[in-house]
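Quick note: numbers below take in every heavy atom, side chains included, and nothing from hydrogens, waters or symmetry partners. Position 1 is the first residue of the sequence; numbering continues from there.
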Amino acid sequence: MKPFELPVIGAPTERADAARNRQRILCAAQKLFARDGVAATSMDAIALEAGVGKGTLFRRFGDRASLALALLESSERSFQESFIRGPAPLGPGAPPCERLIAFGQALLTHLAAHGDLLLAAQTAGIPGQRFDTGPHGAYRAHVITLIREAAPDLDAEYTAEALLAQLGAEVVLHQLRGRGMTLTRLAAGWESLARRVLTTPPHLPLCAA
């Protein structure tokens, strides 16, 4: 499985002036997002801070979701590399259940650090689009593979979506900020959930009839 292909900042074929404008926009967005929050920062404010016209901004990024993904490029590539080719138990070499637990816990940490940008990338554009494209597509493919290895009796696609619903940016940020839950508590809860789902024998119900 290949990491999700995010836009490459400053591609070699880009004109020097275009590359400068792109970098100015990204720096402005990063500054305003950190100061005011992603949700409270408008594209107009980013254009003004970067010293570029709105037309330039929208031609380069189209919308705030694309801009958020560009800012996430480095951290998202690093995260995906860690679960695709990194050391066990997150990477190859550990049993699939242990890898799934490690993946969820690593994603929780990733969301705690970059959740606002991921949320902006997920909630803009066509409703439901995030489930087939972007980082979610890479997460989904990885989780499906682990479920098929660990529990062939399960519907891997359904189970993957059910588990990933607990790791959505909006859910995790609400738990951390709105409910006051700690990252340690969320990590422990994820481990319990993953083990219960993947290791309960198919002939035993999860709850009494």
Q) Heavy-atom distance under 4.5 Å between the side chains of Leu107 and Val172, does that happen here? A) no
Cluster question for you: counting only ILVMFWY and a side-chain heavy-atom cut-off of under 4.5 Å, with indirect links fine, are [X] and [Y] together?
X      : Y      : value
Leu176 : Val171 : no
Leu198 : Ile144 : no
Tyr158 : Leu154 : no

Q.
Using side-chain contact (heavy atoms from CB on, under 4.5 Å), reason through Leu173 and Leu111 one step at a time and then give a plain yes or no.
A. CA-CA 8 Å; Leu173 292 179; Leu111 288 168; 5.7 Å; no
Q | Test log, rule side-chain contact (heavy atoms from CB on, under 4.5 Å), inputs Leu71 and His114 | A | CA-CA 10 Å; Leu71 287 171; His114 307 289; over 6 Å; no
Q: Just do the side-chain contact (heavy atoms from CB on, under 4.5 Å) check on Gln30 and Leu26 with the steps written out, would you?
A: CA-CA 6 Å; Gln30 188 171 38; Leu26 290 172; over 6 Å; no
Grab the two heavy atoms, one from [X] and one from [Y], that are nearest each other, plus how far apart they are.
X      : Y      : answer
Pro92  : Phe83  : CD-O, 4.5 Å
Gly104 : Leu167 : CA-CD1, 3.9 Å
Leu67  : Ala29  : CD2-CB, 3.7 Å
Arg148 : Ala156 : CG-CB, 3.4 Å
Ile147 : Ala160 : CD1-N, 3.5 Å
Leu186 : Gln175 : CD2-OE1, 3.4 Å

Q: Give every residue pair that meets the salt bridge (charged side-chain N to carboxylate O under 4.0 Å, His left out) criterion with at least one member in residues 176-186, sequence neighbours excluded.
A: Asp116-Arg177
Approximate separation, where rounding is to 0.5 Å, of [X] [atom1] and [Y] [atom2]:
X      : Y      : atom1 : atom2 : value
Leu32  : Met43  : CG    : CE    : 11.5 Å
Leu90  : Ile101 : CG    : CD1   : 12.0 Å
Asp155 : Glu161 : CG    : CD    : 10.5 Å
Leu164 : His136 : CG    : NE2   : 5.5 Å

Q.
Determine whether Leu163 and Tyr139 satisfy the following criterion, side-chain contact (heavy atoms from CB on, under 4.5 Å), listing intermediate values before the conclusion.
A. CA-CA 11 Å; Leu163 289 173; Tyr139 303 163; over 6 Å; no
Show every donor-acceptor pair shorter than 3.5 Å between a side-chain atom in residues 47-59 and any protein atom, with sequence neighbours excluded, or say none if there are none.
residue : atom : partner : partner atom : Å
Glu49   : OE2  : Lys31   : NZ           : 3.0
Thr56   : OG1  : Arg59   : NH2          : 3.3

Q: Salt-bridge test for Arg196 and Glu191: reply yes if a basic N is under 4.0 Å from a carboxylate O, no otherwise.
A: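 Looking at Arg196 and Glu191, the cut-off is not met.
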Q. Is Arg77 salt-bridged to Glu81, cutoff N-O under 4.0 Å?
A. no
Q) Does Leu72 offer a backbone N or O that forms a donor-acceptor pair with the side chain of Ser75 under 3.5 Å? A) yes
Q) Donor-acceptor pair, Trp190 side chain versus Leu100 backbone, under 3.5 Å? A) yes
**Q.** Within residues 99-108 or reaching into it, pairs that qualify as side chain to side chain donor-acceptor pair (under 3.5 Å) - sequence neighbours excluded
**A.** none
